[in-house]
Every structure is written in structure tokens, then in C-alpha cells.
Amino acid sequence: MAPRSLFEKVWDDHVVVPESADNPAVFYIDLHLTHEVTSPEAFTVLRSRGLKVRRPDLTLATLDHSTPTVPVRTLKDLDLVSEPAAAAQIKVMIDNCREFGVKLYGFDAVERGIVHVIGPELGITQPGKTIVCGDSHTSTHGAFGALGFGIGTTEVGHVLATQCLLQRKPKTLAINCEGALPAGVTAKDIILAIIGKIGVGGGTGHVIEYRGSAIRALSMEERMTICNMSIEAGARAGMVAPDDTTFEYLAGRPLAPQGAAFDAAVARWRRLPSDPGARFDREVDIDVSALTPMVTFGTNPGMVVPIGQPVPADGDVSFRKALAYMGVEAGKPMLGREVNVVFVGSCTNSRLSDLRAAASVLKGHKVAAGVRMLVVPGSEQVKRAAEAEGLHQVFQAAGAEWREAGCSMCLGMNGDVTGAGQLCVSTSNRNFEGRQGIGARTVLASPLTAAASAIAGRIADPRQYLAA
Amino acid sequence: MEKVTVITSRTVVINQADVDTDQIVPARFLTTTTRVGLGKALFADWRYDKTGAPRPDFVLNTPAAAGCQVLVAGNNFGCGSSREHAPWALLDYGIRAVISTGIADIFRGNSLKNGLVPVIVDAATHAWLIANPGAEVTVDVEQRHVKLPDGRTVEFPIDGFARYCLLNGVDQLGFLLNQSDAITRFEQGRAWQP
Ligand code: SF4
């Protein structure tokens, strides 16, 4: 057999009916994650056609997107704290899951959290699986050598009813990352630099495989940060070949195979990495040893610069509109700009290592006067783990807010918003106009840069705090 | 889904690259649990000011935009979130085809499943359309081409299956449900179980 890439192996393993000129492939899904925002209409379709969920055992649900990040233990609490439409949507989710027999991690579950945080944490995200969710950041799960991609609500219905999708095989893009990552530079900076290089449409139609010594050296949480933002380069999915780091992460997790089954799974997973000589439709090389912390300056993640560098000039209408929205001038650096809000959270950077990174900078400092800092763990389990090591005390002592798990200010759906004209340094993944609130200005950065900026009250280079 | 064969309309132009689905439908409108009525949320933050009054300078609020069913957009239209609310809102508003040099993957897939036709054209045709807002064009799914006012036709790529579904109003869920024997065989014959 010709050498195959990781993606091709996973693809081939899930073709129920091959594609032809006339028809797309019928493609099998091993894990379907759902949440309250993109599933209601899909359940409505099932109900109206008298259909069941084909594989409730391969379906998991959580509450994250429009869920408040203040404590909610009961539905009565929810009515008190939530915007009514969001509360109604959450109740619809609870009812749908009950009616269709789907396991829901709701307010009573310690496992509740952002859908892309809990899959890996529970160990149900595994190498070689196909994973979908009505959410574009499903690419996160590719960090395990799974093929994870976002789907629309109609397709959520397809998977609920048939466990399959109609798919055309995408192209492949290898991104080769070599070199040693300098101190103060993180996985978030790598992926921002990649998007800056290939552009927000650079991965359209492709599945990315992140390869090379720099990727091998990363922890699972760092790999998730990178794969998470594949969609911001337009790619359907991003993948990393599974290796010992992957297997060690999964060993013993509650929904991972256990004992002999785990060893058998590892033997199978070891065959997944791309064969030597596997061909990719495109390749891009990145030297990570040359990177610095990165910050965005515009209204998409491709509008990004090394932190000390001036914002570039460009005559394009969209570019000028973005700078005007951000109140940013070409030729001046983002470094030193006044900050109003700092958000540490989202499926990009809300795991334990992200919180540790932010806390390491913040420890012994105060959030600058006038700056609001919000720290939102990705899951209730991350929250507990962080509290067990006292990270919440570091945040609270510095003057930051410590919240319950959820998407929160990543998309500003339930009260956690940045005000119009305010600048938010955010560890999330999208700096789109209005994403964090009407008129809000978002600067994407790593947890280190976010924490440094909170202390300084201005966009700050975290390396100055690490050296001290 | 209703059949879609030919759409003839004047164009409305939004000449901006990388328009993401957060612009098409801001997240705060996503607390709905149905797809109906989203047209009012379409481009909400560009269409309305703080008080909810229409901004006269936004193209959809100009008299010329009324009744236009074809949107000419900048490259990489529909990037970002997978929310199907984006094509739902466009359709509910009355847009039935989007013409650009590039359309983001998930948005394109979502559009086709709802009968909104994504049309990719070459840079020169695109530049002409941008420069001539209000031009009357015909998007012909059967012929796979766009007809410009001077009678010229420009072909656009469309997947054969997607075209078949548009022309016949095929319900893809029905198609998949018909595969259920093959799906069962696949599930039973796998080397490993998820
Ligand atoms: S944290 Fe943000 S990007 Fe991630 S799933 Fe939630 S809303 Fe989407």
C-alpha cells in the first residue's frame, strides 16, 4: 500500500460507503459532542420525523456556551442569574437529552465544562476516532490524532439519526514546526504565528497535520491549543500524530479503555502516525525558535504581530476598517496600549497548565487599577484541580474574578461581555468585531501575555516578568 | 428543502474580506431554539445603531438593496463559527445566493443544506461585480453558471451531489437514512469499537 498520512488512515477507517463522482462518502462518526446552542433544532427535526438517536452511547452533551459562569446548582438558581432566553435554551437541552436518552453533563455533574475541554479530560477523545460537534473548534480533539471537525445543525441531526455524515475527502496540509521554543513563548504564539503566515483562509478545504520536533516536544494541553485554532486558518481540522505523550495523558482517564484494553488500543494507535513518504497536498515550514509572544491587532486572527513590532500598513478597505474598529494606528506597536479587560479562558487556553501559566506571572502582583480580569476555568474539574493547588487564591489576591466553567467572554452569550470601545486582552480564539460584546475590541494572546497585561494595565511582554 | 434552479436578481455588494459568521449573526441571537425569524438578526451590529435604529450608511439599509436576492461578498465569506444560523438568517432575510472568490468550508456546507447557493467566481468577474452593485445577474444551478447583464456567462464549480440536491430539493437526512443497512454492516464489521 502507498504510504498514507495520519489523516488518510483515519479517513479510510471510517468510510461506510466510498465517495464517487456523483455522491459524497457516507462517513462514520465515533463520538458526537453536543451543547445547548447548536442542537435544539436538530432534536426538533428528529422529533418531527419520529426518529431516535441511533447511538446514544456515542453521544455526549454538556452545557457551556450560553451557560452563566456564576454558581448554578439548580434550575431555580439558573432563572435568577441567567438571561431568560439562555435559560430557556438550557432547559430545552436538558429536556432533549432526557427524551432522547443522551448523557448530559449538567449543573449537577462535576464533569461539566466546555465541550472541547471535557472530551479529552474524560479520556473519551482518543487517537483514530472521528469526532464531531456543532462547533467549529472541534478541531481541538485533533491533538490526540483524532479527526475532529465542526458541523452545522442540519448535520448534527444527521449524526444523531444515523451516526454518519455525507463528506467529500478534504486535502491535506503539513505544517512542519522545528526548533526549540524560547522562554515566554507558548503554543498559543505558535498557532497565532502560523495563522499570520498562511492567513485566515489559508487552510480552507484542508486538514492540517502539525508535525516536527517542536510539536513532539509539546504537552497534550499545548497541542490542544494549537489544533483548536486550526479553524481560524480556515482548515476543517488539525491533527497531531499520537505518541507516548498522548498515551500517558489518556492512561487511567475514566472513559479511556482500561487495563488490557488500553494496551490493545495503544498498539492500534501506534500505527496511526503518517508513514514515511506520505504525501501532503501542501507543506509549510515554521521555525519556532525565532518566535516571540504574538498579539493580534485587527479583527481576525490572521491580523497578528510579534508583540513589540509595529502594526503593518495596508491600503485594503477591510484592513482599514479593522484598524478603525480597533482604534489602532498602522506603524505603532500594540505593546503599551491601554487595557480595560483581561480574559483568561475558552477552549483554547482554559486548562490547568494555562491557569498555572497565568498564575505564575500574576503571583505577588496586583491587577492594575481600573482593569477587570476574569479567569474562567474550562471545566469544573479544571476548577477543582486549580483550587487544589491554590491557583484561585493567586488570582483572587491579585484582584481577578474566579468563575465557574463555561465559554463565558469567549463569545459573550450570557452576561460576560466587554463594553463598547473597551480593549480586552483575551486568551480565546476570535477577535472578530463584537465577538466579546457589541463594540468590544479583542486582542488575542497567550495566558502569559494576558497576565502580564493585567498587571501592567497595558499590553505587556510577559518575558519581563519571567526574567524578574 | 425547496428546489433551487435559477435565481435572477439584482446584486447587493458587501465589499469586505473575511466576513465571519459572528458578523452575519452575532452570538447574542443564538439563544433561539428555532431557525425562524433570524432575518432580523442578519448583520445586526452593522445594520442597527445602539438604539436599534437602522444605520443609513449600511448597504442593506439603502433603498437599492430592497428585494435583492444575490449577495456579492469579499473573499473568505462566512469564516469562523459553524453556526447554521448564518445561512438561516441570510435566507430568512431573502438572500438566496452568495457570490465571492472564496467561501469558508463549514458555511458553504451549511448553505447548501438549506438551499442557499454558494457561488465561487474568478477574480476578474468578482471585481466587475464589486464595481457594479445592483447589476442584474442570473445564478443558474442547472447550467452551473452565472449570467451577467451583458449576456456573458461565467461557470462556477458545484459538487455534483450538492447540485442534484438543490435541483431536486433532496433531503439529505432521508438519503442517509436509506443507508442504514450499510451503516449497520459497517458497525458490525469494524476491527475495533469506539
Ligand atoms: S470557548 Fe469559545 S470557541 Fe470554545 S467552544 Fe466555547 S464559545 Fe466556542
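Chain letters run A, B, ... following the sequence lines, proteins first and then strands; every chain starts at 1.
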Relative to chain B, which segment of A:Leu58 carries a heavy atom at a distance below 4.5 Å: side chain, backbone, both, or neither?
side chain
Would a 4.5 Å heavy-atom cut-off, applied to side chains only, mark B:Thr34 and A:Thr44 as touching?
no
Please tell me if the side chains of A:Leu166 and B:Leu176 come closer than 4.5 Å, counting only heavy atoms from C-beta onward.
yes
Side chains of B:Phe186 and A:Val26: does their closest heavy-atom pair fall under 4.5 Å?
no
Reported CG-to-CD distance for the pair B:Asp159 and A:Glu19, which is rounded to 0.5 angstrom
8.5 Å
Of B:Arg185, B:Gln179, B:Lys113, the largest count of non-hydrogen pairs under 4.5 angstrom with chain A goes to B:Lys113
In Å, rounded to the nearest 0.5 Å, how long is the span from CG of A:Asp22 to CZ of B:Phe161?
10.0 Å
With heavy-atom distances below 4.5 Å as the criterion, would you say the side chains of A:Thr38 and B:Glu84 are in contact?
no
Tell me if a side-chain donor or acceptor on B:Ser82 pairs with a main-chain N or O of A:Asp135 at a distance below 3.5 Å.
yes
If one checks every heavy atom of A:Val16 against chain B at 4.5 Å, the contacting part turns out to be both
Report yes if the side chains of A:Phe149 and B:Ile106 come closer than 4.5 Å at any heavy-atom pair, otherwise no.
no
In terms of heavy-atom pairs under 4.5 Å, which option from B:Gly102, B:Ser81, B:Gly74 contacts chain A the most?
B:Ser81
Check for a donor-acceptor pair, side chain of B:Asp105 on one end and backbone N or O of A:Thr204 on the other, with a separation under 3.5 Å.
no
Okay, A:Val37 and chain B: the region with an atom under 4.5 Å from a heavy atom over there is both
Does any backbone or side-chain atom of A:His14 lie under 4.5 Å from a heavy atom of chain B? Answer side chain, backbone, both or neither.
both
Proximal component of A:Val317, with respect to chain B [non-hydrogen, under 4.5 Å]
side chain
Can you tell which of B:Lys50, B:Arg28, B:His85, B:Gln193 has the highest number of heavy-atom pairs within less than 4.5 Å of chain A?
B:Arg28
Using a heavy-atom cutoff of under 4.5 Å, enumerate the residues of residues 428-438 of chain A that contact chain B, numbered in order, or state 'none'.
A:Arg430, A:Phe432, A:Glu433, A:Arg435, A:Ile438
Begin with the C-alpha distance, continue with both residues' side-chain angles, and end with the deciding distance and a verdict on side chain to side chain contact (heavy atoms under 4.5 Å, CB included) for B:Asp20 and A:Asn300.
CA-CA 9 Å; B:Asp20 57 76; A:Asn300 71 54; 6.0 Å; no
Okay, B:Ser111 and chain A: the region with an atom under 4.5 Å from a heavy atom over there is neither
Option in B:Asn75, B:Asp171, B:Asn15 with maximal non-hydrogen atom pairs under 4.5 Å from chain A:
B:Asp171
Taking B:Gln16 for the side chain and A:Ser318 for the main chain, is one N or O donor matched with an acceptor at less than 3.5 Å?
no
Does B:Trp88 reach the side chain of A:Glu41, with side-chain heavy atoms less than 4.5 Å apart?
yes
Is any side-chain heavy atom of B:Leu173 closer than 4.5 Å to one of A:Leu51?
yes
Verdict with reasoning, B:Phe175 to A:His158, per side chain to side chain contact (heavy atoms under 4.5 Å, CB included):
CA-CA 10 Å; B:Phe175 181 93; A:His158 292 177; over 6 Å; no
Non-hydrogen atoms of chain A under 4.5 Å away: do they reach the side chain of B:Arg190, the backbone, both or neither?
side chain
Most heavy-atom pairs under 4.5 angstrom with chain A, which of B:Ala17, B:Gly80, B:Pro87, B:Ala104?
B:Gly80
Does any non-hydrogen side-chain atom of A:Arg55 lie less than 4.5 Å from one of B:Glu187?
yes
A:Arg49 vs B:Leu177, test: side chain to side chain contact (heavy atoms under 4.5 Å, CB included). Steps then yes/no.
CA-CA 11 Å; A:Arg49 298 173 67 144; B:Leu177 288 165; 4.2 Å; yes
What residues of residues 53-73 of chain B sit under 4.5 Å from chain A when only non-hydrogen atoms are counted?
none
If you measure from CZ on B:Arg35 to OG1 on A:Thr153, what distance do you get to the nearest 0.5 Å?
8.0 Å
Look at the side chain of A:Gln89 and the backbone N and O of B:Thr32, then say whether any donor-acceptor pair between them is shorter than 3.5 Å.
yes
Where does A:Val156 contact chain B at under 4.5 Å (heavy atoms): side chain, backbone, both or neither?
neither
